[in-house]
Amino acid sequence: MDVKFSHIWNVSVEEALQLQTTLSRLVDIQTPLHLDNIHLIAAIDVAYNRENTEMFGAVVLMQFPELKLLSNFVTRAPIVRPYLPGLLSFREIPAILPVLEKLSEPIDLFMCDAHGVAHPRGLGLASHLGVLFDKPSIGCAKKPLVGDFIMPGERKGSTSPIKLNDNLVGYVLRSRENVKPIYISPGHKLTPEDALRVVERCIRSYRIPEPLRVAHQMANRARRVMEGKVSGIRIETFEE
DNA sequence: GCGACAG
DNA sequence: ATCTTGTCGC
Ligand SMILES: [Mg+2]
């Protein structure tokens with residue numbers, strides 16, 4: 001899979017903010033998505049080691065709408081930037097970029113554990129990734145970042161709009177009855193309603209949509225398996 | 001100046 | 001995000 005736009009990642013905070021503003025002009029949340037043409041979803045998540053020195057990324061390919069796990073790709077990368085609210089994409093995208101560029105499968109849509117346009121400058125991680133690869137993307141976060149909204153009803157399926165400066169940027173969705181809701185916003189190439197529809201169809205029995213739930217598990221599994229190892233060689237330590 | 005603040 | 005066992009409620 002090739003990127004449409006590419007830019008350096010080791011930039012200063014000021015440059016990162018400027019890049020977001022520039023790239024946000026390319027974001028499209030107007031063009032409707034034809035659900036019938038969506039067959040392959042790539043869900044992405046990243047896990048960290050306890051020392052906060054390494055990231056383990058997972059890209060899970062799931063068949064839609066059957067939600068059948070097709071494949072999983074993992075990566076390992078050093079943490080080079082601290083976490084700053086609003087700049088998450090500059091920290092996590094570099095870790096998974098290598099895998100995505102090597103993928104040959106025809107990805108129809110990205111689902112990310114982050115926000116899309118519900119972001120201070122309209123370019124959350126999901127939007128950033130969507131623009132770079134020129135593909136539809138959805139942001140599905142566990143906590144709000146910006147925007148105004150009221151809590152949806154306690155019943156599964158209840159929703160409430162998220163507004164940012166009078167603009168609709170997403171929906172809060174109660175994916176499970178009496179359980180904290182999730183925050184959905186389009187990343188790129190689909191509308192807020194489309195993003196909500198896709199996520200709703202990805203909810204199986206848990207709060208987190210199946211693709212992201214599995215990606216989260218795979219990222220953590222990769223950490224368990226790989227951390228402590230060096231270039232594929234198992235290192236064992238024994239006490240005196 | 002204060003509070004908010006994805007992962 | 002990560003550190004962690006039991007406990008309460010649906
Ligand atoms: Mg995550």
Side-chain angles (χ1 to χ4, degrees), chain A residues 9 13 16-17 20 23-24 27 43-60 74-97 110-131 137-149 151 153-158 162-165 169-188 192 195 199 205-209 211-213 215-224 226-228:
Chain A
W9 295 91
V13 169
L17 297 174
Q20 292 186 321
L23 291 176
S24 70
V27 173
I44 296 162
D45 194 22
V46 175
Y48 299 76
N49 63 347
R50 64 178 58 188
E51 296 79 23
N52 241 275
T53 56
E54 288 188 302
M55 295 184 280
F56 299 85
V59 176
V60 162
V74 296
T75 58
R76 178 181 196 166
I79 292 178
V80 296
R81 302 181 69 96
Y83 164 70
L84 293 182
L87 294 180
L88 178 64
S89 65
F90 284 84
R91 176 174 161 98
E92 297 194 342
I93 290 184
I96 59 170
L97 218 40
F110 288 124
M111 189 174 283
C112 312
D113 177 33
H115 287 285
V117 297
H119 176 278
R121 287 160 296 285
L123 196 88
L125 187 154
S127 297
H128 199 153
L129 199 59
V131 169
S137 63
I138 296 173
C140 182
K142 298 180 287 298
K143 293 190 295 186
L145 175 59
V146 293
D148 302 315
F149 60 87
M151 284 302 262
E154 291 295 327
R155 300 279 309 203
K156 172 178 180 177
S158 295
I162 300 176
K163 293 201 166 189
L164 189 55
N165 303 317
V169 295
Y171 289 97
V172 183
L173 169 67
R174 187 79 65 178
S175 50
R176 254 198 102 165
E177 191 155 321
N178 294 327
V179 169
K180 285 194 304 180
I182 54 181
Y183 303 78
I184 300 157
S185 61
H188 188 44
V199 172
S205 309
Y206 305 97
R207 176 194 179 215
I208 306 300
L212 283 180
R213 205 175 71 83
H216 190 264
Q217 293 175 163
M218 294 307 204
N220 279 302
R221 171 197 285 185
R223 177 183 57 176
R224 286 201 309 275
M226 301 173 85
E227 87 176 342

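These values consider heavy atoms only, across backbone and side chains, with no hydrogens, waters or symmetry-generated copies. Residue numbering restarts at 1 for every chain, and letters A, B, ... go by the order of the sequence lines.
Using a 4.0 Å cut-off, no side-chain N or O of A/Arg223 falls inside it from OP1 or OP2 of C/dA1. Between A/Lys142 and the phosphate of C/dA1, there is a side-chain N or O to OP1/OP2 separation shorter than 4.0 Å. For C/dA1, neither phosphate oxygen OP1 nor OP2 lies less than 4.0 angstrom from any side-chain nitrogen or oxygen of A/Asn220.
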Check against side-chain hydrogen bond (donor to acceptor under 3.5 Å, both in side chains), A/Glu92 and A/Tyr48: CA-CA 10 Å; A/Glu92 297 194 342; A/Tyr48 299 76; 2.6 Å; yes

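Within the 4.0 angstrom heavy-atom criterion, no nucleotide atom of any strand lies near A/Ile44. Backbone-only contact: A/Ala141 has heavy atoms under 4.0 Å from sugar-phosphate atoms and none from a base. At a threshold of 4.0 angstrom between heavy atoms, the contacts of A/Pro120 with the nucleic acid are absent. A/Gly86 comes within 4.0 angstrom of a nucleotide base, judged by non-hydrogen atoms across all strands.
Taking the six-membered ring for Trp and the full ring otherwise, A/Phe110 and A/His188 have centroids separated by 6.0 Å or more.
Across C/dA1, C/dC10, B/dA6, the shortest atom-to-atom separation from the side chain of A/Asn178 is found for C/dC10. In this structure, the nucleotide among C/dC10, C/dT2, B/dA6 sitting nearest to the side chain of A/Ala47 is C/dT2.
Taking 4.5 Å as the limit, some side-chain heavy atom of A/Phe56 sits within range of a side-chain heavy atom of A/Asn49.
Scanning both residues, A/Val117 and A/Ser127, for their nearest heavy atoms gives N-OG, 3.3 Å.
Qualifying side-chain hydrogen bond (donor to acceptor under 3.5 Å, both in side chains) partners for A/Ser205, counting only residues two or more places apart in sequence or in other chains: none.
The stretch residues 49-58 of chain A has no heavy atom under 4.0 angstrom from DNA chain B at all.
Between the side-chain ring of A/Tyr83 and the base of B/dG7, a stacking contact exists by the 5.5 Å and 30° definition.
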